[in-house]
Structures are given as structure tokens and as C-alpha cells.
Amino acid sequence: MKKVIAILLMVLALAEGANAQTSLPGTLIYPAQPEYVLSSSQKGVKLSTDIVAVALPAAALIGTVCARDWKGLLQGVETGAVTAAFTLALKYGVKEKRPDGSNWHSFPSGHTAVSFASATYLTRRYGLKFGIPAYVLSCYVAWGRCFSKQHFVWDTVVGAAIGAGSALIFTTPWAKKHHLEIAPVSNGESVGAYASFTF
């Protein structure tokens with residue numbers, strides 16, 4: 001945890017230094033007015049990507065706490081902290097203008113980074129049964145951020161790499177150690193899922 005805090009402080013200091021040297025005065029305080037007006041479908045997709053980018057890590061956190069997987073919780077926090085640190089450092093250091101012209105924080109996509117960090121964490125820690133749906137949602141977020149003119153394709157690709165890379169570094173498998181098993185169940189009238197694991 002001390003390593004993560006040190007990395008965070010170092011990256012934020014670098015980002016602040018890059019921000020102080022920028023030739024774009026006032027971009028943090030006074031963002032540019034949008035040059036591109038979003039359609040109603042683009043606004044809807046933008047809102048849905050906002051929701052998914054919050055829901056995915058929240059679901060991973062809740063699931064980890066419910067499983068009483070404290071080691072996994074620490075790994076998830078480390079993954080999230082490093083993902084946020086690198087994403088913010090690049091956003092404030094590179095200063096790429098968004099496709100809609102609203103501000104200068106396009107590169108990389110934070111929504112995509114967080115989503116892919118969550119999906120990779122879930123896959124690595126608990127297996128593909130949890131990871132595949134999370135990856136589907138993450139791909140939707142990446143597509144939606146481009147569709148709603150918030151990012152360019154390379155912004156989402158780099159964001160996905162930052163998030164997935166952070167999770168691969170900090171997360172270890174949990175399911176094998178705890179003999180996690182998930183199976184569908186039905187009593188003829190209702191359908192559900194059965195899960196079991198050992199501590």
C-alpha cells in the first residue's frame with residue numbers, strides 16, 4: 001500500500017508540474033465551450049457510459065466485500081489507485097482537446113481505464129464467469145465515449161491498456177485457491193444461480 005501511495009504522489013506531482021508549464025492558460029478553471037453539439041442519442045450514450053463506469057467498480061467492490069476477500073479488496077484498491085494516477089497524470093500532462101471541444105482532457109479515457117481495470121480485476125480474481133460480462137460493458141464504454149465525441153479511439157485504447165495493465169500487475173487469482181463453483185439451479189418454477197467457495 002505504501003508503494004501505491006508513493007506512486008500516486010509522484011505521478012500527481014509530475015502532473016502538476018506539467019500543468020504549470022502548459023501554454024493553455026485557464027484550461028483547468030475555464031474549460032472551452034463545446035464546438036460540437038451532441039445529438040440526443042449521443043447524450044444518452046454519454047450518460048450511460050458515465051453510469052457503467054461507476055457501476056462496474058462499485059459491483060466489483062461490493063462482490064469482493066460480500067465474499068470477504070480482504071486480500072482481493074486491497075488488490076482492487078491498488079489497481080484503482082494506480083489506474084487513476086496514471087490516467088490523471090496523462091490527462092493533465094498531454095492536454096489533448098476532446099473531439100467535442102469541451103476541454104483539454106481527452107487523452108486517455110478515464111471511463112475506459114476504470115472499466116477495463118474493473119473487468120480485468122474481476123477476470124483475474126474470480127474468473128471468466130464474472131469477467132466476460134464486465135468486458136462486454138467495458139467495450140461498450142470505450143465505444144460510447146468515442147460515439148459521444150468525448151474521446152478519440154486512441155484515447156480509449158490507451159485507457160484500456162492502463163486499466164487492464166494495472167489489474168494484471170496487482171491482482172492474483174482467488175477462485176482456484178477457494179474452490180469457487182458457480183452453477184445454475186431451478187426448481188421448475190424459478191431459476192437462479194448457486195455459488196460455493198471455501199475460506
Side-chain angles (χ1 to χ4, degrees), residues 1-19 28 46-65 67 69-96 98 103-128 130-146 148 150-175:
M1 190 62 177
K2 290 179 183 177
K3 290 188 295 186
V4 174
I5 293 171
I7 290 171
L8 262 171
L9 292 174
M10 194 167 51
V11 171
L12 291 174
L14 288 171
E16 188 58 35
N19 185 42
L28 288 177
K46 181 179 180 291
L47 176 62
S48 67
T49 59
D50 291 341
I51 293 168
V52 173
V54 171
L56 262 177
L61 173 66
I62 292 167
T64 301
V65 170
D69 180 12
W70 309 125
K71 183 178 179 183
L73 182 63
L74 176 61
Q75 292 174 357
V77 169
E78 291 172 332
T79 296
V82 171
T83 298
F86 277 99
T87 302
L88 289 172
L90 287 171
K91 275 185 181 294
Y92 287 94
V94 173
K95 293 201 171 291
E96 177 185 67
R98 290 188 189 272
N103 63 39
W104 293 86
H105 304 306
S106 185
F107 181 85
S109 169
H111 286 65
T112 307
V114 167
S115 299
F116 273 88
S118 302
T120 306
Y121 167 80
L122 287 169
T123 301
R124 187 136 165 85
R125 192 77 182 154
Y126 304 112
L128 288 174
F130 295 99
I132 289 175
Y135 274 123
V136 169
L137 290 172
S138 298
C139 289
Y140 169 75
V141 168
W143 169 83
R145 299 304 286 173
C146 294
S148 61
Q150 299 305 298
H151 294 285
F152 298 101
V153 172
W154 56 81
D155 301 337
T156 59
V157 170
V158 173
I162 290 169
S166 297
L168 287 172
I169 290 168
F170 288 102
T171 310
T172 59
W174 183 82

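Separation of atoms CH2 (Trp154) and OG (Ser109) is listed at 13.0 Å; rounding is to 0.5 Å. The line from CG of Leu74 to OG1 of Thr79 is 9.0 Å long, rounded to the nearest 0.5 Å. A distance of 7.5 Å separates CG of Asp69 from CD of Gln75, quoted to the nearest 0.5 Å.
When the ring pair (Phe, Tyr, Trp, His ring centres under 6.0 Å) test is applied to Phe107, no partner is found at least two apart in sequence or on another chain. With sequence neighbours left out, the side-chain hydrogen bond (donor to acceptor under 3.5 Å, both in side chains) criterion links Ser118 to no other residue. Residues meeting the side-chain contact (heavy atoms from CB on, under 4.5 Å) test with Thr123, sequence neighbours left out: Leu128, Tyr135. Scored by the side-chain contact (heavy atoms from CB on, under 4.5 Å) test, Val65 finds Leu61, Trp70, Leu73 as partners (sequence neighbours excluded). A search for side-chain hydrogen bond (donor to acceptor under 3.5 Å, both in side chains) contacts involving Thr156 returns nothing, not counting sequence neighbours. Residues passing the side-chain contact (heavy atoms from CB on, under 4.5 Å) test with Ile169: none are found, sequence neighbours excluded. The side-chain hydrogen bond (donor to acceptor under 3.5 Å, both in side chains) test applied to Thr87 returns no partner, not counting sequence neighbours. Judged as a side-chain contact (heavy atoms from CB on, under 4.5 Å), and not counting sequence neighbours, the contacts of Ala60 are Tyr121, Leu122. With sequence neighbours excluded, no residue forms a side-chain hydrogen bond (donor to acceptor under 3.5 Å, both in side chains) with Trp143.
Between the side chain of Ser138 and the main chain of Ser115, a donor-acceptor pair closer than 3.5 Å is present. Counting only distance, with no hydrogens or angles, the side chain of Lys91 and the backbone of His105 share a donor-acceptor pair below 3.5 Å.
Nearest heavy-atom pair, Gln150 versus Arg98, reported as atom, atom and distance to 0.1 Å: O-NH1, 2.9 Å. Gly163 and Thr83 make their closest contact through CA-OG1, 3.8 Å (heavy atoms, listed as atom of the first residue, atom of the second, distance). Here the shortest heavy-atom pairing between Val158 and Pro108 reads CG1-CB, 4.0 Å. Across every non-hydrogen atom of Pro57 and Val52, the tightest pair is CD-O, 4.3 Å.
With contacts defined as side-chain heavy-atom distances shorter than 4.5 Å, the pair Leu168/Thr120 qualifies. At least one side-chain heavy atom of Leu47 sits less than 4.5 Å from a side-chain heavy atom of Ile51.
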task: May I have the step-by-step check of side chain to side chain contact (heavy atoms under 4.5 Å, CB included) for Cys139 and Phe116, ending in yes or no?
output: CA-CA 8 Å; Cys139 289; Phe116 273 88; 4.0 Å; yes
task: Check step by step if side chain to side chain contact (heavy atoms under 4.5 Å, CB included) holds for Val77 and Phe170.
output: CA-CA 9 Å; Val77 169; Phe170 288 102; over 6 Å; no
task: Determine, step by step, whether Thr112 and His151 satisfy the side chain to side chain contact (heavy atoms under 4.5 Å, CB included) criterion, reporting the C-alpha distance in whole Å, the side-chain angles of both residues, the deciding distance to 0.1 Å, and the verdict.
output: CA-CA 10 Å; Thr112 307; His151 294 285; 5.6 Å; no
message: Working note: Ile162 + Leu90, criterion side chain to side chain contact (heavy atoms under 4.5 Å, CB included); need CA distance, chi angles, decisive distance, verdict.
response: CA-CA 11 Å; Ile162 290 169; Leu90 287 171; 3.7 Å; yes
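Here side-chain hydrogen bond (donor to acceptor under 3.5 Å, both in side chains) pairs that include residues 50-61, with residues two or more places apart or in two chains, are Asp50-His111, Asp50-Arg145.
In this model, no donor atom of one side chain and acceptor atom of the other lie less than 3.5 Å apart for Arg124 and Thr172.
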